[in-house]
Amino acid sequence: MIDNIPKEYELPLYLFHNGTNCETYKFLGCHKGEKDGVKGYYFRVWAAHAKAVSVIGDFNNWDENANPMELLDSSEIWETFVTGLETYDTYKYCVYGCDDKKHYKADPYGTHMEVAPNTGSKVFDIDGYLWSDKKWMTEKKSKDIYNAPMNIYEVHLNSWKTCTDGKYFSYVGFADTIIPYIKEMGYTHIELMPLAEFPFDGSWGYQGIGYFAPTSRFGTPYEFMKMVDLFHLAGIGVILDWVPAHFPRDEAGLFEFDGGPAYEYSDPKKADHLTWGTRVFDYSKGEVKSFLISNALYWIEKYHIDGLRVDAVASMLYLDYDRRDGEWTPNKYGGKENLEAVQFFKDLNTAVFGRNPNTLMIAEESTSWPMVTKPASDGGLGFNFKWNMGWMNDMLKYMALDPINRAFHHDMLTFSFFYAFSENFILPISHDEVVHGKASLVNKMFGSDVDNKFKQSKLFMAYMMAHPGKKLLFMGADFAQFREWDYENGLEWFLVDEYENHRNYLNYSKNLNHFYLDHPQLWERDFSWEGFSWISNDDFRQSIIIFRRFDNSGGELIIVCNFVPVERKSYCFGVPYWGSYTEVFNSSSVDGSPCTNGTVKAVDEKMHGFDQSVCIDIPAFSCMYFTIKKEKRPKPKKKSAAKEKTPAKKTAVKKSSKAKTIKKSTAKKADEK
């Protein structure tokens, strides 16, 4: 045991145990250093209940006795200094646990790891990379992320596309290949499924063991940085999926790190995600909070990640998540809320935004938990965006209905608009919706007729783009892949090469994306009623909805959606201004170009609370956008004075004749008497 802890250790140790060390990775793990004038590497690891710990690796022939670690007094931190190491040397910790067993663990703070399925950590200094994205990072500081376009392309790096030789891309090769595609298609961000090191491909990265190590499947940490650099140089934001909810039971990972519960809860009613077979982080421990908060900031600050999409938030918030009665214990107030996880989120987001105000912190929260995107200081969880899972579930169910029955479920179509501004929402069609028998997006559409599936999918996409909220689409839905996503194989890009309908769909997706980028009405006021207004939401019999979207300058679009395979001729609805209404986008055309109405003029017929209306033709299964040209209402034409006198004379003559007739009739009757 080291009795006298160096002075410079006191603050990081205090903050670490207190749960407020935002840079724990600078202290724990493997770091270059010098001792007694000799250069080498310091190794430090938290193993509170271990009886002994040593570093083993290439440099000492994996000898458990060669480099024992010493406990820093009562700090629960073990340390040793090793010389003669080289970059890429592999190492692990041999932890003699409280269970009297030896456990061979990867470094929880290791910055690089062996290629899976191997699980050793590697010596690697991440501070040597020279970034080229200064312009991007500077401009990001002043960008209004809430009133800017956000159209996210979600990607699984392993399976977006394979190289010609059948191998997976490198980080840099992936960036070089996908960047031209993203730019051409009009996406603003790429979201990468988890890339922190993970042992099992089938987990898609959501069960990691190397939280500080980009997976070595695709290259080194520097190559990961180069990938991010290239995205930024192309003007593309990078979002990374991040998993603070759970970790796997792999022996080399965090699981019972020191022979017993360390990073996980010790309470068996809180420790496990039963269905997933994983362990839950113990958010009550300061050391775990420091680990996770430091990790979030590590990706943001060291790897220039623009945002984190936080996975499985609901599973963290509820003590009874995926548990039956008797399998969970209420909190101190008798409720089912995990108060420790709630506080963790508040502390996490406060720390992130305190240092990086323009970061995207996105909650994948699938319930109606209140104030997810409200500041922690106001009682919220502190995120700035949340996936709108309610909208996604309702709409995918609605689109799977027989159109004959959609009239009886009109509320599934309209309900999301009434809570659309309660949070800062992102509308997601994510990887979770196209696996495990759920079908691809185009195959979720009702019916067996392929043409109708394509029409409905195009309608859905245009409706989604017009709905308030930022957008996210998983790869493959951009060209209407029929097969479900399969992580072991690349997307079916041959469909685009060989089939015209898929080529047309891809072109349609591109045009829709660029229309979105070019029209601030669809993104400048995403989170306020000032950006949206209904015209008609109650025509359930014909399954038609009509609404307006506004930008900050008063620009406006009118959106008309028809969710049944019946064309509506001369369909009339109220409009806000006297003027001309021009069709500018139509999902029923091959490429989204206007094809049905051209420009129509308002007429003096009051409808839907407006003084004027228009009548248009609405194609079957269609979504159309209209722009407005306001015009001065023409004044009624004045009639000339001469023309006004003539009718008056005629009327007078008629009255005079009638009077004479009456007199004559009266006189005749008098003579007869």
Please find the pair of heavy atoms, one from [X] and one from [Y], that lie closest to each other, and give the distance.
{"X": "A296", "Y": "L348", "answer": "CB-CD1, 3.7 Å"}
{"X": "A262", "Y": "V288", "answer": "O-CG2, 4.1 Å"}
{"X": "W485", "Y": "S159", "answer": "NE1-OG, 2.9 Å"}
{"X": "F198", "Y": "S203", "answer": "CD1-OG, 3.9 Å"}
{"X": "L195", "Y": "M227", "answer": "CD1-CE, 4.5 Å"}
{"X": "F446", "Y": "P403", "answer": "CD2-CD, 3.3 Å"}

**Q.** Steps toward side-chain hydrogen bond (donor to acceptor under 3.5 Å, both in side chains) verdict (T414, N537)
**A.** CA-CA 7 Å; T414 59; N537 65 352; 5.8 Å; no
Determine the sole option in [options] for which the ring pair (Phe, Tyr, Trp, His ring centres under 6.0 Å) test with [X] is passed.
{"X": "F212", "options": "W299, F124, Y298", "value": "Y298"}
{"X": "Y206", "options": "H156, H431, H273", "value": "H431"}
{"X": "F43", "options": "Y91, W78, Y109", "value": "Y91"}

How far does [atom1] of [X] sit from [atom2] of [Y], to the nearest 0.5 angstrom?
{"X": "M445", "Y": "F460", "atom1": "CE", "atom2": "CZ", "result": "6.0 Å"}
{"X": "Y303", "Y": "D306", "atom1": "OH", "atom2": "CG", "result": "15.5 Å"}
{"X": "K453", "Y": "L441", "atom1": "NZ", "atom2": "CG", "result": "10.0 Å"}
{"X": "F353", "Y": "N358", "atom1": "CZ", "atom2": "CG", "result": "9.0 Å"}
{"X": "D320", "Y": "W328", "atom1": "CG", "atom2": "CH2", "result": "5.0 Å"}
{"X": "I5", "Y": "E79", "atom1": "CD1", "atom2": "CD", "result": "9.5 Å"}

4.5 Å side-chain heavy-atom contact, [X] and [Y]:
{"X": "W46", "Y": "D258", "value": "no"}
{"X": "S416", "Y": "Y419", "value": "yes"}
{"X": "V228", "Y": "I305", "value": "yes"}
{"X": "P330", "Y": "L319", "value": "no"}
{"X": "T119", "Y": "K92", "value": "yes"}
{"X": "S284", "Y": "F344", "value": "no"}
{"X": "V238", "Y": "L192", "value": "yes"}
{"X": "E76", "Y": "E287", "value": "yes"}

If you measure from the Lys or Arg side-chain nitrogens to the Asp or Glu carboxylate oxygens, is any gap between [X] and [Y] under 4.0 Å?
{"X": "R217", "Y": "E197", "value": "yes"}
{"X": "E256", "Y": "K101", "value": "no"}
{"X": "R309", "Y": "E364", "value": "yes"}
{"X": "D432", "Y": "K438", "value": "no"}

Q: Decide yes or no on side-chain contact (heavy atoms from CB on, under 4.5 Å) for V435 and F474, but give the supporting numbers first.
A: CA-CA 11 Å; V435 292; F474 185 59; over 6 Å; no
Quick check against the 3.5 Å criterion: does [X] have a side-chain atom that pairs as donor or acceptor with the backbone of [Y]?
{"X": "T80", "Y": "P68", "answer": "yes"}
{"X": "S54", "Y": "E64", "answer": "yes"}
{"X": "N151", "Y": "T188", "answer": "no"}
{"X": "N331", "Y": "E337", "answer": "yes"}
{"X": "K444", "Y": "M399", "answer": "no"}
{"X": "D272", "Y": "L274", "answer": "no"}
{"X": "N356", "Y": "T359", "answer": "no"}
{"X": "K105", "Y": "G253", "answer": "yes"}
{"X": "H17", "Y": "G286", "answer": "no"}
{"X": "Q481", "Y": "R483", "answer": "yes"}

Q.
Run the side-chain contact (heavy atoms from CB on, under 4.5 Å) test on M389 and E365 for me, step by step, so that the C-alpha distance in whole Å, both residues' side-chain angles and the decisive distance to 0.1 Å come before the verdict.
A. CA-CA 7 Å; M389 308 290 278; E365 203 286 304; over 6 Å; no
[X] atom [atom1]: more than 12 heavy-atom contacts under 6.0 Å:
{"X": "F418", "atom1": "CZ", "answer": "yes"}
{"X": "K397", "atom1": "NZ", "answer": "no"}
{"X": "H49", "atom1": "NE2", "answer": "no"}
{"X": "I404", "atom1": "CD1", "answer": "no"}
{"X": "K346", "atom1": "NZ", "answer": "yes"}
{"X": "Y14", "atom1": "OH", "answer": "no"}

Is it the case that the ring center of [Y] lies less than 6.0 angstrom away from the ring center of [X]?
{"X": "F417", "Y": "F532", "result": "yes"}
{"X": "F247", "Y": "Y211", "result": "no"}
{"X": "F218", "Y": "F224", "result": "no"}

Q. Do F385 and Y146 pass the ring pair (Phe, Tyr, Trp, His ring centres under 6.0 Å) test, and can you show the C-alpha distance, the side-chain angles, and the key distance before you say yes or no?
A. CA-CA 9 Å; F385 292 97; Y146 305 102; 5.5 Å; yes
(Q) F345 vs L317, test: side-chain contact (heavy atoms from CB on, under 4.5 Å). Steps then yes/no. (A) CA-CA 9 Å; F345 284 131; L317 291 173; 3.7 Å; yes
Q) Taking the six-membered ring of Y263, is the NZ or CZ of R279 close enough (under 6.0 Å from the centre) and on axis enough (within 45°)? A)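 The answer is no, since R279 fails at least one limit relative to Y263.
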(Q) Checking E423 against T373 for the side-chain hydrogen bond (donor to acceptor under 3.5 Å, both in side chains) test, could you report, in this order, the C-alpha distance in whole Å, the side-chain angles of both residues, the deciding distance, and whether it holds? (A) CA-CA 6 Å; E423 303 277 6; T373 58; 2.4 Å; yes
Checking side-chain polar atoms at under 3.5 Å, does [X] have a donor or acceptor matched by the opposite partner on [Y]?
{"X": "Y104", "Y": "W62", "result": "no"}
{"X": "D478", "Y": "Y153", "result": "yes"}
{"X": "T367", "Y": "Y318", "result": "yes"}

Q | Criterion side-chain contact (heavy atoms from CB on, under 4.5 Å) on K470 and D526, from CA distance to verdict | A | CA-CA 7 Å; K470 308 306 182 187; D526 264 330; 3.0 Å; yes
